[in-house]
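Okay, structure first, notes after.
Hydrogens, waters and symmetry mates are skipped; everything else that's a heavy atom, side chains included, is used.
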Amino acid sequence: MIALLWDRYPVAERLTRVSVPTTVVFGSADELIPPGQSRAVAAAAGGPVQLVEVPGAGHNDRALLDGCDLVRAARDLADRTRPTG
């Protein structure tokens, strides 16, 4: 197999220094970013994390752009980061 991308995206390494709530959304059938890699990113989060797996979704599936799971996850993240008072 030939690697087409030479650039590195050290998301997990950088996320360890982030202490705010984080949401990681991924498709269980993602052919470009293996689901295990998304789980590892979530596990590396330095703050509270919500992991949202969209069953059957591939990397470029519409469900990961504006599907119900993604919209719900974004709304939940907004609720978790909203100031109280």
Side-chain angles (χ1 to χ4, degrees):
M1 182 165 102
I2 298 173
L4 298 178
L5 296 175
W6 295 97
D7 295 328
R8 290 194 65 231
Y9 298 95
V11 176
E13 294 168 23
R14 292 185 178 154
L15 196 55
T16 62
R17 298 185 299 268
V18 175
S19 60
V20 298
T22 302
T23 298
V24 177
V25 179
F26 68 98
S28 66
D30 194 324
E31 62 283 357
L32 295 179
I33 310 296
Q37 188 172 346
S38 295
R39 289 185 192 97
V41 166
V49 66
Q50 177 183 16
L51 185 65
V52 178
E53 180 174 346
V54 181
H59 192 79
N60 292 312
D61 285 351
R62 180 113 193 192
L64 293 178
L65 174 66
D66 62 1
C68 293
D69 292 325
L70 178 76
V71 171
R72 187 177 309 111
R75 206 170 33 221
D76 290 348
L77 179 61
D79 287 343
R80 292 186 314 169
T81 58
R82 182 177 302 144
T84 58

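- The hydrophobic clustering, which links ILVMFWY residues whose side-chain heavy atoms are closer than 4.5 Å, places Val25 and Leu15 apart.
- Taking each heavy atom of Ala40 and Ala12 in turn, the nearest pair found is O-CB, 4.5 Å.
- Identified under the salt bridge (charged side-chain N to carboxylate O under 4.0 Å, His left out) test for residues 12-26, with sequence neighbours left out: Arg8-Glu13.
- Scanning both residues, Glu53 and Arg39, for their nearest heavy atoms gives OE1-NH2, 3.2 Å.
- Once rounded to the nearest 0.5 Å, the distance linking CZ of Arg72 with CG of Asp79 reads 12.5 Å.
- Atom OG1 in Thr22 sits 7.5 Å away from atom CG in Leu77 (nearest 0.5 Å).
- Under the 4.5 Å side-chain heavy-atom criterion for ILVMFWY residues, a single connected hydrophobic cluster contains both Phe26 and Val41.
- Nearest approach of Gly56 to Ser28, heavy atoms of both residues: N-OG, 2.6 Å.
- For the pair Pro35 and Gly27, the tightest heavy-atom approach, listed with the atom from each and the gap, is CG-O, 3.7 Å.
- For Val49 against Arg80, the heavy-atom pair with the smallest separation is C-NH1, 4.0 Å.
- When the side chains of ILVMFWY residues are joined at heavy-atom separations under 4.5 Å, either directly or via intervening members, Ile33 and Val52 end up in two distinct hydrophobic clusters.
- Val20 and Leu51 fall within a single hydrophobic cluster, where Ile, Leu, Val, Met, Phe, Trp and Tyr side chains are chained together by heavy-atom contacts under 4.5 Å.
- Taking each heavy atom of Ser19 and Pro48 in turn, the nearest pair found is O-CD, 3.9 Å.
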